[in-house]
Amino acid sequence: MPNSVPNSAPNSAFVKTITERGYMHQATNLDALDEVAGERCIPAYIGFDCTADSLHVGSLVQIMMLRILQKTGHKPIVLMGGGTTKVGDPSGKDSQRPLLSDQDIERHKNGIRKIFEKYLVFGDGQTDAVMVDNAEWLEQLNYITFLRDYGVHFSVNRMLSMDSVKLRLDREQPLSFLEFNYAILQAYDFMELRRRYGCLLQMGGSDQWGNIVTGVDLTRRVDTQEVFGLTSPLITTASGAKMGKSAQGAIWLNKEKLPVWDFWQYWRNTEDADVGRFLKLFTELPLDEIARLEALQGSDINEAKIILANAVTTLCHSAEDAAEAAATAKAAFDEGALAEGLPQVDTETADLSAVDAFKLAGLASSNGEARRLIRGGGARLNDAVISDEDARLTADDFDADGKAKLSAGKKRHVILKKTG
């Protein structure tokens, strides 16, 4: 039976930390895992398919779990899904994702590796992380041999009851045979990693529970070895939004995909009710300091949000990037300046309507949204409220450097730079 807390006080630093900081959702035989992790270094893995050249904030819980694993004396295995990316994980999807070329997958792997180099130490030591690609073994499989040797261990009845499959079918969305194979290949990955690296644990998000348990079961049936599975809860904001998305799109972890300022600002805008939980999950601040910060009330909670933004940005990018973003925020918000570091959008003309300017800056997605922003008093030009829906910008609104600041509410700011 799965469990989320050990029957007694955790024996290992790994299980203790994972439990205390809110990463634990379900685990197979948690007491046995805790015992093994307290006795020796255990290799553990999480898989990441190469669907984009960066991961986003939705993957950050798993990245932090691998970091905790390493910092508590164990060996992280980062599994790149060069093989499974060609099949597609149906979990949480309404349709089959586009199939990528080998060149695209390789480019995506290189982008993703940059992220992990910020969080993990790679090398040849006992607890050094390794990055491997499941294409190394999956592309060598002989279809008939694979079916004969392993197909007997998979029940179609059980696979149809897995959430990743069942939810798709319940929504009456098509599920291709290609995608139906995903759970089988993921199970095979776990068994292969145990054989090659002694891997004893697979971790992942709660939507991967069925796939992980299938791998645990296959390894027990074929190799008569016990391995373990552990999942983290689905992380949503207090208002119910899914982590990793914003009004402007995905919150990517690579600065080439998302400016550091936007990343920092995402965390600075955390809802009050989420501050303590996010400090536990996404930073390494001590729990007693987190308890102090989440107890702050009223405007004082902003101190905790800035600490959160600085800590997460330091881990993902650098301390220098975090300090620069914080200084930009102070200049923009406290001093009303056209702060360097704010997102900048170019315009060839200074003569455009306020509605078009807010759409160009990405602060509104449509004419209607821009007009509602103005009617609600949330649209500002150079910190002055725009009250007329038909207002226009002119050359006088731009400073000597050709810049004007547009603001949507108190937290979203963009510099409009005149190039013409």
Side-chain angles (χ1 to χ4, degrees), residues 56-57 245-252 254-271 299 302 305-306 308-310 312-313 317-318 320-420:
H56 61 62
V57 164
K245 299 288 185 180
S246 75
Q248 289 71 50
I251 303 300
W252 299 103
N254 280 0
K255 64 174 66 176
E256 295 83 1
K257 296 273 286 186
L258 183 78
V260 173
W261 159 259
D262 289 329
F263 183 82
W264 187 93
Q265 191 65 19
Y266 174 81
W267 297 101
R268 169 63 180 83
N269 291 342
T270 294
E271 297 177 41
S299 61
N302 289 325
K305 294 181 183 182
I306 292 172
L308 170 66
N310 286 340
V312 179
T313 304
H317 297 298
S318 70
E320 292 75 18
D321 284 330
E324 182 178 341
T328 296
K330 183 173 179 59
F333 306 148
D334 297 348
E335 301 163 15
L338 293 185
E340 294 298 327
L342 284 176
Q344 181 171 298
V345 174
D346 292 341
T347 175
E348 294 181 358
T349 177
D351 182 20
L352 72 167
S353 70
V355 167
D356 287 339
F358 276 83
K359 288 195 301 178
L360 178 63
L363 295 173
S365 60
S366 66
N367 289 353
E369 184 178 342
R371 291 184 180 279
R372 286 192 294 273
L373 183 66
I374 294 171
R375 284 199 301 270
R380 287 177 170 79
L381 172 61
N382 297 327
D383 297 315
V385 174
I386 301 174
S387 57
D388 182 358
E389 293 179 37
D390 296 320
R392 298 189 67 83
L393 276 68
T394 69
D396 292 339
D397 295 312
F398 292 79
D399 67 10
D401 295 322
K403 295 180 179 180
K405 185 171 80 170
L406 296 176
S407 304
K410 297 180 179 180
K411 299 176 180 178
R412 298 167 58 204
H413 306 265
V414 172
I415 299 298
L416 201 60
K417 176 69 182 332
K418 181 168 65 71
T419 60

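From a predicted model like this one, the values you see are computed outputs, not experimental measurements. The first residue of the sequence shown is numbered 1, and numbering continues consecutively from there.
Taking every heavy atom of both residues into account, Gly377 and Val385 meet most closely at O-CG1, 4.1 Å. Considering every non-hydrogen atom in both Thr313 and Ala309, the closest pair reads OG1-O, 2.7 Å. Here the closest heavy-atom approach between residue Phe398 and residue Thr394 is recorded as CD1-O, 3.3 Å. In this structure, Ser407 and Phe358 approach most closely via the heavy-atom pair O-CE2, 3.4 Å.
Looking at residues two or more places apart in sequence or on another chain, you find a salt bridge (Lys or Arg N to Asp or Glu O under 4.0 Å) between Asp351 and Arg392. Residues forming a side-chain contact (heavy atoms from CB on, under 4.5 Å) with Ala354 (at least two apart in sequence, or on another chain): Ile374, Ile386, Ala391, Leu393. Listed by chain and residue number, nothing satisfies the salt bridge (Lys or Arg N to Asp or Glu O under 4.0 Å) test with Arg380 (two or more places apart in sequence, or in another chain). Every side-chain contact (heavy atoms from CB on, under 4.5 Å) that Asn310 has, sequence neighbours left out, goes to Trp264, Ile306, Ala322, Ala326. By the side-chain hydrogen bond (donor to acceptor under 3.5 Å, both in side chains) test, Glu271 pairs with Thr237, Ser239, sequence neighbours left out.
Under the 3.5 Å distance criterion, the side-chain polar atoms of Asn269 are left unmatched by any main-chain donor or acceptor of Tyr266. Although no hydrogens or angles enter the test, the distance criterion places no donor-acceptor pair under 3.5 Å between the side chain of Lys257 and the main chain of Trp252. Under a 3.5 Å cut-off, the side chain of Asn382 and the backbone N or O of Ala404 do not form any donor-acceptor pair.
The pair Arg371-Asp390 counts as a salt bridge, with a side-chain nitrogen and a carboxylate oxygen less than 4.0 angstrom apart.
Residue Glu389 holds its CD atom at 10.5 Å from CZ of Arg372, rounded to the nearest 0.5 Å. From Lys305, atom NZ reaches atom CD of Gln265 across 10.5 Å, with rounding to the nearest 0.5 Å. In this structure, OG1 on Thr347 lies 9.0 Å from NZ on Lys418, to the nearest 0.5 angstrom. To the nearest 0.5 angstrom, Asp388 atom CG is 11.0 Å from Ser353 atom OG.
Applying the salt bridge (charged side-chain N to carboxylate O under 4.0 Å, His left out) test to residues at least two apart or on different chains, the pairs with a partner in residues 353-362 are Asp356-Lys359.
Residues Lys255 and Phe263 form no side-chain contact, since every pair of their non-hydrogen atoms from C-beta on lies 4.5 Å or further apart. Between Ile415 and Val345 the shortest side-chain heavy-atom distance does not fall below 4.5 Å. Residues Val312 and Arg268 are not in side-chain contact: their nearest non-hydrogen atoms beyond the backbone lie 4.5 Å or more apart.
Each of Leu416, Leu406, Leu381 was compared with Asp397 under the side-chain contact (heavy atoms from CB on, under 4.5 Å) criterion, and only Leu381 meets it.
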